[in-house]
> 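There's a structure below that I have some questions on.
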Amino acid sequence: MSRLGQVFKELRQRGEGALVGFVTAGDPNPETSLALIRSMCEAGLDVLELGVPFSDPTADGPVIQRSSARALGQGMTLEKVFGLCREIRRFSRVPVVIFSYYNPILAVGPDAFYEKAVDAGADGVLVVDLPPEESPEMLDAWKGRDLDLIRLVAPTTPTPRMEAITREASGFVYLVSMTGVTGSAGLDLSEVEATAVRLKQVTSLPVCVGFGISKPEHVEAVCGVADGAVVGSAFERLIEENLETKTLPDLIGSYTQQLKAATRKTLLGAQGNPAGHAAGVTSG
Amino acid sequence: MTMQTAGQNLPDVRGHFGPYGGRYVAETLMPALLELEEAYLEVRTAESFQKEFRDLLEEYAGRPTPLFHARRLSEACGGARIYLKREDLTHTGAHKINNTLGQVLLARYMGKRKVIAETGAGQHGVATATAAALFGMECKVFMGTEDVRRQAPNVRRMELLGAQVVPVASGTGTLKDAMNEAMRYWVGAVRDTFYVIGSVAGPHPYPQMVRDFQRVIGDEARRQILEREGRLPDALVACVGGGSNAMGLFFPFLDDPVDLIGVEAAGEGVPTGKHAATLGAGSVGVLHGSKSYVLQDENGQIREAHSISAGLDYPGVGPEHAWLKESGRAAYVSVTDREALEAFRRLSLLEGIIPALESAHAVAHAMVEAARRDGHQILIVNLSGRGDKDLGIVFRE
């Protein structure tokens, strides 16, 4: 079983949701980035999404756009993202999902990308702008793959399409909570729940919900309807607001702890009241 | 595998022109693109839609546009006869209106009441705002802050037409960034909003759809030259940013023995790195939803484009052009800012026609091309837009 599969299995046994954290690799600089990731891991992060910075991130809101620009300004490249991944492996077994737009992968070539990712100790990959229709050119190079392929499903995805998407997915499925870019406000839990229910009917893979999740309350509510919550822009916002703060790794660590604690509350509380979440929580 | 050749049979059902094109977008947009494709394929063959489109082109946009024999320009070059396809004479002053009327009609057919667009020079923004006003639709146009500055008159036009212009400060504040922002907005508003893309770029079905709406340029030119000269031209010349005016002119001639020449912007010169010669000096990549040539560094990060012409200042190009280049069906050359400015002045003086700086790139190369060919040969140049919007830039230089 892959490292991702193992983690979700253990979480399920413990009755916890997964906390999936996204950071842009190399933001605000490579050394601090590594220190932040170490803090997140020590604070109980379950899965790390390591973002490959891209010049034209069309699926991302302003916060992640700026984080991407900061990382590129520090000379971050795909090669250096793999370097960071190797460093993480020295202190943590946390599953690492490489989160990228397709063009930086295309630039090195799908074969080389695959080999380098496996060699760096990555566990999965999510290519945000590569839908199943265009995937063969990348997947054909990955015969007998050891990398989990994380797929996106959106509220606009019809159920038959969900089925086709999840058929070739592994690790977990990333459910986009809303129609919008990352960091948008207006998390609508009733919509998330409706989509999650449709998704659960077509796949047995764990489902993690992302976009617009920034508070422990959101994490708790989302973990009531899915297997985990993805937090990205909120981490990046904290980084951006504390670029000069020496204790930034501690701030990130304690924020991670709060979010992680919320993944434990839900399932315990939910046993008596399966639908016991407040609908209509809005993100800040 | 059989080798595909360039012709009128493309794209394939998944939107590929050879290895180019396709749909490289986040999942949130995929259902919208599939819905758009389905609707487009319906109207593509629906006589009622096509008739309404043709009527609008004729009665509202002022088509057909003339094919003008530029005698003094031809004489000055001392070679082939140069004809100008006068897209500058359409309503709003550029070929962009052909496409926006088609797409806004399609938006109405799909029951969408809101449209958005990206714009560089502002011509596509004005044309979208115009079509939206005509159909009483809400319109938002995303425009880079650098372009808002250099194309101020078009910003005023869009506002007069009732559109909201959204300045985009991210990146380099040009067309690429406007398109990024339009795509981001569309992801959030996809359920009730139609995205009117202005070029033969973007994810499938846009490259095909925009080409089909623009092919009226080539269809008319082909008929007009056959009437006038009794034969096909020897070559077609058109400027290429994203490439919609060129694709519109080229497409009806793809299966004819006619040279196709696309002219990219060389900016300050290709060797300086400050240019927009995507096909000439770029490499294969994925930008804005399709695979084509892009300007990028070795890590796959998109590079800034440079051109005096806002409409050509774009680091990507339509996927069908990438395929026409690779298959050898079309040739792509480039023209510097300085050469384009010179052609801008020459055409104004010799023919009394002030071209858009974009179109001046095509004129500049046509002058070189005409001189290489003898007097029996015929060139058709797509004069894609008028130059009033560029006077501020030209007089600053």
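So that the names make sense, note that chain A is the first sequence line, chain B the second, and so on, each numbered from 1.
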> Heavy-atom cut-off 4.5 Å, strictly under: side chain, backbone, both or neither for A:L78 against chain B?
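Answer is neither: A:L78 stays 4.5 Å or more from chain B.
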> Is there a donor in the side chain of B:Y206 and an acceptor in the side chain of B:N99, or the other way round, less than 3.5 Å apart?
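Checked: B:Y206/B:N99 side chains show no N/O donor-acceptor pair below 3.5 Å.
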> Under 4.5 Å heavy-atom distance to chain B, tell me which part of A:E137 shows up: side chain, backbone, both or neither.
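It is the side chain, since no backbone atom gets that close.
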> Could you tell me whether a side-chain N or O of B:E304 sits under 3.5 Å from a main-chain N or O of B:T172, the two making a donor and an acceptor?
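No: the side chain of B:E304 does not pair with the backbone of B:T172.
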> Under a 3.5 Å distance rule, please check whether A:Q74 uses its side chain to pair with a backbone N or O of A:D27 as donor and acceptor.
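Checking the backbone N and O of A:D27 against the side chain of A:Q74, no donor-acceptor pair under 3.5 Å is found.
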> Just so I know, are the side chains of A:F113 and A:F82 near enough to count as touching, which here means a heavy-atom distance under 4.5 Å?
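Of all side-chain heavy-atom pairs linking A:F82 with A:F113, at least one is under 4.5 Å.
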> Select one option (side chain, backbone, both, neither) describing which atoms of A:F54 are under 4.5 Å from chain B's heavy atoms.
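For A:F54, heavy atoms of backbone and side chain both lie under 4.5 Å from chain B.
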> Under 4.5 Å from any heavy atom of chain A, what part of B:R303 do you find: side chain, backbone, both or neither?
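Contact with chain A: none, neither part.
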> Quick one: of A:P131, A:P158, A:P155, A:P132, who has the most non-hydrogen atom pairs under 4.5 Å with chain B?
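Result: the option with the highest number of such pairs is A:P131.
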> For the candidates B:R184, B:M183, B:Q301, which exhibits the highest count of non-hydrogen atom pairs separated by less than 4.5 Å from chain A?
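Maximum pair count with chain A is reached by B:R184.
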> Any side-chain heavy atom of B:E118 sitting closer than 4.5 Å to one from B:V141?
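Contact flag for B:E118/B:V141 side chains = no.
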> Could you tell me which of A:L72, A:V108, A:I105 has the largest number of non-hydrogen atom pairs under 4.5 Å with chain B?
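Ranked by heavy-atom pairs under 4.5 Å with chain B, first place is A:L72.
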> Under a 4.5 Å cut-off applied to non-hydrogen side-chain atoms, are B:M137 and B:R113 in contact?
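In contact.
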> Please state whether the side chain, the backbone, both or neither of A:E133 comes within less than 4.5 Å of a heavy atom of chain B.
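For A:E133, heavy atoms of backbone and side chain both lie under 4.5 Å from chain B.
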> As an exercise: rank A:R161, A:E134, A:R66 by heavy-atom pairs under 4.5 Å with chain B and give me the winner.
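The option with the most such pairs is A:E134.
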> Given the options B:E298, B:H288, B:R191, B:K291, which has more heavy-atom pairs under 4.5 Å with chain A than any of the others?
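Sorted descending by pairs with chain A, the first entry is B:R191.
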> Can you say whether B:E181 sits under 4.5 Å from chain A via the side chain, the backbone, both, or neither, judging by heavy atoms?
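Contact with chain A: side chain only.
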> Can you tell me which of A:V127, A:T157, A:L130 forms the most heavy-atom pairs within a distance under 4.5 Å of chain B?
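Ranked by contacts with chain B, first place is A:T157.
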> For the candidates A:G61, A:P62, A:P53, A:P57, which exhibits the highest count of non-hydrogen atom pairs separated by less than 4.5 Å from chain B?
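Option with the top pair count is A:P57.
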> Do the side chain of B:E264 and the main chain of B:L279 share a donor and acceptor less than 3.5 angstrom apart?
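Judged by distance alone, yes, a pair lies under 3.5 Å.
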> Evaluate B:V190 against B:Y195 for side chain to side chain contact (heavy atoms under 4.5 Å, CB included), listing each step before the verdict.
CA-CA 8 Å; B:V190 65; B:Y195 181 15; over 6 Å; no
> Any chance the side chains of B:Q296 and B:S283 put a donor and an acceptor closer than 3.5 Å?
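There is such a pair between these side chains.
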